[in-house]
Amino acid sequence: MARSALLNVMVQAAVKAGKSLTRDFGEVQNLQVSVKGPGDFVSQADMKAERLVRDELLKARPTYGFLGEEGEEIKGTDGSHRWIVDPLDGTTNFLHGIPQFAVSIALERNGDIVAGVVFNPATDELYTAEKGGGSFMNDRRIRVAARRVLSDCVIGCGVPHLGRGNHGKSLIELRHVMGEVAGIRRLGSASLDLAYVASGRFDGFWENGLNAWDIAAGVLLIREAGGFVSDFKGGPDAVGTGEVVAGNEYIQKALLEVVNRPLPKA
Ligand code: 2AM
Ligand code: CA
Ligand code: CA
Ligand code: CA
């Protein structure tokens, strides 16, 4: 597998931020934490990681734009390229000492995501994809799971905090999906959840109320691993709508139907 120069830049940035996160994870009780919104925390670790990623990416490609969760958007002079970055996806896990968090970096070209990296520094799992080039975990090619029957499936999800996305409807979706599948997992890092679909650990995933930085890299990982991703209406723009329904071609379709099932009459 030969990574392009651009993908190497992204991997280097993710690994650098990952090292900083690993250091802070070891001393998590000493970090300053503030609250951005309902259930949304940010720490010095998030800020430091974003600065490291931004400096590394902009050093390599000074004309590209930059959108990160924790800083001001940089427009860029190039007009066609933009980095989309979540420096720490899974902050709640991180602050609780749970090793399920990641650095997520995507590259957008003329509105299209063309490369993505998701890195979990606690497990040293590095997921990469380039458009047309397949998906990888470390150096191994990955594919979505092959199961075709929903009742055999382990499905990941996220329930947006009250005040984010459609919290109430998510609880109804959860009730419906739970009745149809082998197991539900709620791990708390959307980018890793999508990487788990790409590598076949999860058979599928759904969540709403997400931001581009949570999912831009992960959506490409899934598509390049042979999977399907849509918004809640079945359209292709998961990254723009913040809605994700994902799986292989059978499970994505089946999950979309269950997620949209109307409430049974009381
Ligand atoms: P974060 O850790 O970067 O904030 C879990 O459902 C996913 O949603 C995570 O990717 C998490 O990203 C994000 N998330 C959790 N709570 C959030 C909130 N209150 N507002 C916005 N995003 C949130
Ligand atoms: Ca956040
Ligand atoms: Ca996030
Ligand atoms: Ca984040």
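Any value given below was found using the heavy atoms of this structure, including those in side chains, with hydrogens, waters and symmetry copies removed. Atoms within a ligand are numbered from 1 in the order they appear, just like the ligands themselves.
In terms of modelled atom types and a separation under 3.5 Å, the side chain of Glu50 and the main chain of Gly71 share a donor-acceptor contact. Checked by atom type and distance alone, the side chain of Asn248 pairs as donor or acceptor with a backbone atom of Ala145 at under 3.5 Å. Of the possible donor and acceptor atoms, none in the side chain of Asp24 sits under 3.5 Å from a partner among the backbone N and O of Leu21.
Only protein N, O or S atoms were scored, and 2 of them lie under 3.0 Å from the Ca ion (ligand 2).
Residues Ile142 and Val219 share a single hydrophobic cluster, defined by chaining ILVMFWY side chains whose heavy atoms lie under 4.5 Å apart.
Every residue two or more places apart in sequence or in another chain was checked for a side-chain hydrogen bond (donor to acceptor under 3.5 Å, both in side chains) with Gln32, and none qualifies.
Side-chain atoms of Val33 and Thr91, non-hydrogen and from C-beta on, never get closer than 4.5 Å to each other.
The N, O or S atom of Asp214 with the smallest distance to the Ca ion (ligand 3) is OD1.
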